[in-house]
Amino acid sequence: MLILILSVGCNDSFLDVKPTDKITGDALFASQEGIDAYLANLYRQIPIEDFNATPEAMNYNPGDANNAGRYPFIFTDNGIGSENSSISPSGAWDYNYWENGYRFNKEINLLKDVIDGLTSVSEEVKRNLMGQVYFMKAYNYYALAKRYGGVPLITETQDFDNVEGLYVPRNTEEETWDYVLAVCDSAALFLDQEPDPARRKATKWVALALKSRASLHAASVAKFWDKYEFTGESVDKGLVGMSQSAADKYYAQCVQAGEEIIKSGYFSLFKANPANPEEATENYRLIFEDPNNALDEVIFLKGFNEIGAGYGSNQDNWGNPNQTRGAWPHPGRFNPTLDLIDTYETYDKPGRSVPIVTTKDGVTEDYSGYSPNKEYLAFDDPQDIFKGKDARMFATVIVPNSIWKDTKIIIQGGYIQPDGKPVIMADESIDVNGKTYYTFGASDPALFSGFSTFGGNMTRTGFGFKKFLDSSYTPRLGWNFSTTDWIDFRYPEVLLDYAEAVLESGLGDPVLAAEGLNMIRKRAAHKTDIPLTIKNVLRERRLELVYENKRYWDLIRRREYHELFTQRERKALVPILDLRTMKYIFIRTNVPRGGQVTFNPSWYYKPIPGVGTSGLIQNPHY
Amino acid sequence: MKKIIFIFVVLLTFFTSCELDNYDAPNAKIFGKIIDSETGEAIQQEILEGSRIDYVELGDFENPPTQQMRFKTDGSYRNDLMFSGKYHIQARRGNFFILPPDTIQVKGETEYNIVTEPYIRIKNVSYTIEGRDIVASFQLEQVADYPVKSIALFADVNPNVSQSLRKLANVAEINRRVNPEEQFVLKMKIDPFMDIIPEGKPSFYFRVGALISEMPEAKYNYSEPESIEIDYASLPPVEPEIPGNVIDNCESLDGWNSGGFQLSLDTDAKEGNFSLKADGQGVVIYQKVFEPFDTQVDKETGTLALSLFILDTGPIKAGDSSIEITSSGGPDVGELAWKFGEDFEINNGWNKLELKLKDGHAGGDIDLSAVNFIRIYHTAISAPVVFKIDNIRFY
């Protein structure tokens with residue numbers, strides 16, 4: 001028997017047989033359907049940070065998608081998880097993309113090889129396919145460069161017979177970014193020159209938007225390198241880090257890409273002139289509930305057309321507040337922080353973050369909890385404390401007592417008894433004048449959405465999550481039922497990229513930049529133009545693009561993460577019913593069970609896996 | 001038959017894998033300290049995310065990994081699981097001047113000390129309890145010739161207290177060079193300690209830190225951790241909060257400018273971490289222009305209150321100096337002013353000023369809902385003086 005096993009391997013003539021289970025490139029690309037099918041498979045591997053992105057994985061959407069709702073925004077100052085307080089579930093290995101990035105690169109290179117030899121398709125189709133190759137390469141190397149700095153540029157399919165040739169050393173960070181932007185330019189040249197009506201295919205305009213995003217990242221890393229200067233071999237060899245002169249070069253490219261998009265006239269803001277803030281709230285909400293209604297401002301869309309593993313997402317499952325969870329048992333995972341709410345302006349104080357004031361002395365820096373000695377502002381309805389806040393806030397988060405899907409969302413953290421004793425964060429009830437009052441606002445966990453530790457379902461910041469949620473869908477018991485599409489590039493991002501690049505570099509047109517900034521604000525029902533300052537642009541960027549998975553990389557590229565997160569506690573706003581007056585007061589406090597979190601500056605670059613084998617020079621600190 | 005072969009294969013696998021691997025066990029140890037060459041003392045470290053000792057074993061390895069050790073809080077380190085052999089070793093990413101990589105032979109129990117200098121020496125640290133505050137005073141001797149980025153007081157129940165292992169901290173950004181004689185003061189309110197341990201006479205560990213700027217990957221320099229007992233029962237009762245709408249708490253130099261005076265932030269503060277310090281001589285002014293500020297008081301009943309420190313009142317002639325506020329964005333128009341020594345008394349040291357708005361000298365009508373200018377003006381000061389102001393507010 002052993003002899004038999006050993007001898008079967010000797011016949012290798014099957015290697016010369018033409019496979020019958022594969023079709024040739026010419027046969028596949030002969031029809032548009034064939035091209036679309038092949039590209040669809042590649043498109044789904046593009047590292048778009050959508051509803052299926054977590055620090056542990058990207059484009060990972062199996063049957064049991066139990067990532068516990070660890071979406072990127074709960075690891076920033078804009079949010080916190082109901083059960084997850086960390087900002088880095090896997091530390092340095094968060095957002096690791098090395099293996100997947102190079103696997104994808106290999107597949108793109110294989111397509112490139114096939115295109116050259118195609119005989120059955122027109123030059124025009126070939127040209128567009130090459131454009132697609134460039135676009136995906138740019139996107140992929142952008143994703144690698146922002147994580148690892150300089151990486152090996154493998155532009156051709158590797159010859160696996162030449163083992164030594166497989167060991168490609170890292171290029172410098174500057175070479176890598178130069179490559180990303182050059183490939184964006186090639187893509188813009190080769191791809192369709194008109195926007196895709198459905199916004200789902202890469203065109204010149206998507207390539208330029210990518211260029212805008214990538215060049216701003218590169219420029220920022222160069223400009224703010226000094227804010228956390230690394231040392232080591234990888235720095236000495238330029239594998240991470242760039243000079244100040246690189247910053248100007250990249251800002252110039254961002255300005256150029258932005259101007260081309262803005263001046264093309266192809267894109268505009270969805271419902272740019274609302275009559276009032278209420279209308280602005282609804283308009284803004286609609287963009288994300290179904291981006292297909294707002295294609296004027298969408299530059300690139302990733303469809304989630306079908307339910308199921310590999311197609312849908314779990315956005316509505318994790319995002320809905322407890323009261324509208326439907327049949328899904330684990331809602332309420334994303335909790336918007338008071339840090340974010342404080343950042344929103346009010347209409348009477350344009351251009352300023354206006355923190356929520358809870359006491360008569362106006363002090364907003366006191367997080368020490370309830371004290372009978374403080375004089376609290378009292379409200380008949382908890383919503384009243386948010387009066388006058390930016391319209392977008394109400395489309396992004398659910399505030400206590402507001403209506404979501406015909407349900408009044410109850411978020412309450414305690415009460416003050418008629419005898420003055422505070423009962424906060426404890427599950428209790430009391431009878432006052434024949435009526436029973438509950439610390440969390442209702443008798444049964446099914447009837448409220450805040451502060452109890454029940455199932456991890458309750459917000460612990462005082463705010464529910466709303467952006468992207470489908471108001472007509474009731475979550476079912478199961479994975480990947482959400483089919484809301486993801487906007488990857490939205491016109492406001494380009495406007496804000498442009499404004500930032502103009503301010504940081506002094507290049508470009510400040511008038512055009514200020515117009516873009518104030519256009520976005522007008523759509524949010526602001527009436528007063530604010531000046532073009534870096535503070536105004538960054539505030540606007542944080543608010544307009546909140547939860548679109550930009551914040552993490554904004555903090556990385558501008559090297560602000562370690563400054564903002566040194567033993568930081570994120571904040572909550574706790575509504576308390578004062579049973580003496582039957583009015584609501586609010587406590588500004590640290591997020592309950594939140595704890596202090598620190599961003600380790602090492603994480604500005606991710607560790608490269610497998611350097612022991614590959615011999616690549618590792619990034620600093622690893 | 002199949003079953004027997006299967007069992008045979010399983011057994012074979014089992015037996016072959018039972019042999020020990022052919023690596024030797026670690027057979028050497030290394031230990032030592034990082035020592036300040038000037039004082040001979042160990043340079044204080046932090047155990048969490050602290051300075052590192054990188055080492056690479058030399059020998060016949062392809063892509064040998066860089067391994068790392070960390071220091072203990074007291075600046076010592078030890079690794080009892082080393083292999084005998086030659087190593088490249090370098091302490092880095094820390095709070096000291098980095099030496100070039102060293103080549104050492106580790107055998108048996110090897111002592112290896114790193115002798116260098118810290119970026120900053122923290123000296124003469126003392127802690128006192130004043131009122132309901134813990135007060136740390138200290139001096140800094142900077143070895144690295146760059147501005148000191150921040151000074152800090154850290155507290156924890158753990159003796160390894162540091163910037164990444166602390167329950168409470170007071171970090172003050174100073175961003176300037178310091179001289180070794182300068183006395184620094186940092187305070188911490190005791191009340192938050194009661195959230196950690198609510199009752200009794202608990203002890204907490206305290207440490208003063210100072211962080212240098214410009215040096216890449218620099219970490220805090222520290223004083224030795226010190227345990228301090230806080231007897232809650234012996235604390236004075238809580239004083240009512242100082243009332244008022246604060247127009248400037250003197251925590252930053254933003255907006256302030258001066259003709260003739262050197263302006264800086266000083267840790268001798270009546271509120272927060274800093275007061276605004278001004279020293280100079282002759283005709284001097286310091287002033288601030290700011291966004292219109294609603295004082296929420298009226299002229300009949302309102303008061304402008306501030307803390308004013310004067311090192312020596314000798315050179316100041318009564319009536320020649322004044323404190324002014326206006327709502328015109330500049331001096332003299334829409335103004336209220338009070339004169340030193342005439343409208344208020346001045347003494348050496350800190351003065352608590354309560355200036356009644358109705359007693360102020362008016363220059364036009366001031367709009368108290370939109371005050372936007374404050375100025376302190378001296379026409380003739382005959383000798384160098386030092387002023388500090390803090391906590392400027394209306395009530």
Side-chain angles (χ1 to χ4, degrees), chain A residues 1-2 5 91-92 167 225-236 241 349 351-352 359-363 365-369 371 373-375 562-563 565-569 589-590 595-604 607-608 610-622, chain B residues 1-2 4-5 8-9 48-49 52 54 56 61-68 90 92-94 98 101 149-150 152 154 156 162-169 171 173 189 191-192 194-195 211 213-220 238 240-246 249 251 272 291 294 296 393 395:
Chain A
M1 191 167 173
L2 268 177
I5 293 167
Y167 291 95
W225 170 261
D226 287 351
K227 287 174 81 177
Y228 191 85
E229 212 175 320
F230 287 94
T231 65
E233 192 185 4
S234 52
V235 180
D236 299 340
K349 288 176 183 152
R352 274 158 70 180
T359 51
K360 287 189 177 153
D361 60 13
V363 172
E365 288 307 308
D366 180 356
Y367 297 101
S368 61
S371 157
N373 300 326
K374 292 178 200 162
E375 276 193 275
H562 74 292
E563 294 178 343
F565 279 89
T566 301
Q567 303 293 104
R568 170 166 179 173
E569 292 206 53
T589 178
N590 293 321
Q596 298 176 335
V597 286
T598 297
F599 181 89
N600 184 336
S602 312
W603 304 336
Y604 282 128
I608 295 174
V611 291
T613 311
S614 67
L616 291 179
I617 295 166
Q618 184 56 281
N619 276 335
H621 298 202
Y622 301 117
Chain B
M1 181 66 185
K2 262 186 190 166
I4 292 170
I5 291 176
F8 176 71
V9 170
L48 213 60
E49 302 296 343
R52 288 170 33 163
D54 284 354
V56 179
F61 304 108
E62 211 178 318
N63 308 323
T66 302
Q67 305 179 66
Q68 37 168 298
Q90 186 184 31
R92 55 202 297 229
R93 300 192 164 118
I98 300 163
K149 188 170 185 296
S150 54
F154 301 113
D156 203 283
S162 71
Q163 82 121 9
S164 1
L165 183 66
R166 77 333 162 77
K167 287 270 191 306
L168 296 165
V171 180
E173 301 268 338
K189 289 204 183 309
D191 295 75
M194 295 176 183
D195 296 337
L211 180 63
S213 63
E214 301 291 328
M215 300 303 282
E217 301 167 313
K219 306 231 158 33
Y220 268 94
V238 184
E241 295 260 316
I242 307 163
N245 303 312
V246 177
N249 57 9
E251 292 298 298
E291 297 267 306
D294 185 355
Q296 296 175 28
R393 63 209 187 277
Y395 55 78

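Lettering of chains follows the sequences in order, A, B, ..., and the numbering in each one begins at 1.
In this structure, the portion of Gln68(B) lying under 4.5 Å from any heavy atom of chain A is its side chain and not its backbone. For Gln567(A), the parts lying near chain B are the backbone and the side chain together; criterion is any non-hydrogen pair under 4.5 Å. Only the side chain of Arg92(B) comes within contact range of chain A, with heavy atoms under 4.5 Å apart. For Val235(A), no part sits under 4.5 Å from any heavy atom of chain B, backbone or side chain. Looking at Phe230(A), both its backbone and its side chain come within 4.5 Å of chain B, counting heavy atoms on both sides. For Thr598(A), no part sits under 4.5 Å from any heavy atom of chain B, backbone or side chain. If you measure heavy-atom distances from Glu49(B) to chain A, the contacts under 4.5 Å come from the side chain alone. Residue Ser602(A): no heavy atom, backbone or side chain, is found under 4.5 Å from chain B. Only the side chain of Glu291(B) comes within contact range of chain A, judged by heavy atoms closer than 4.5 Å.
For the pair Arg93(B) and His621(A), the tightest heavy-atom approach, listed with the atom from each and the gap, is NE-CD2, 2.9 Å. Closest heavy-atom contact between Asn63(B) and Val611(A): ND2-O, 3.8 Å. Across Gln163(B) and Thr566(A), no two heavy atoms sit closer than the pair OE1-CG2, 3.5 Å.
Of the inter-residue distances, the one linking Asp226(A) atom CG with Glu214(B) atom CD reads 7.5 Å to the nearest 0.5 angstrom. To the nearest 0.5 Å, atom OG1 of residue Thr231(A) and atom CE of residue Met215(B) are 10.0 Å apart.
No side-chain heavy atom of Pro601(A) sits under 4.5 Å from any side-chain heavy atom of Glu217(B).
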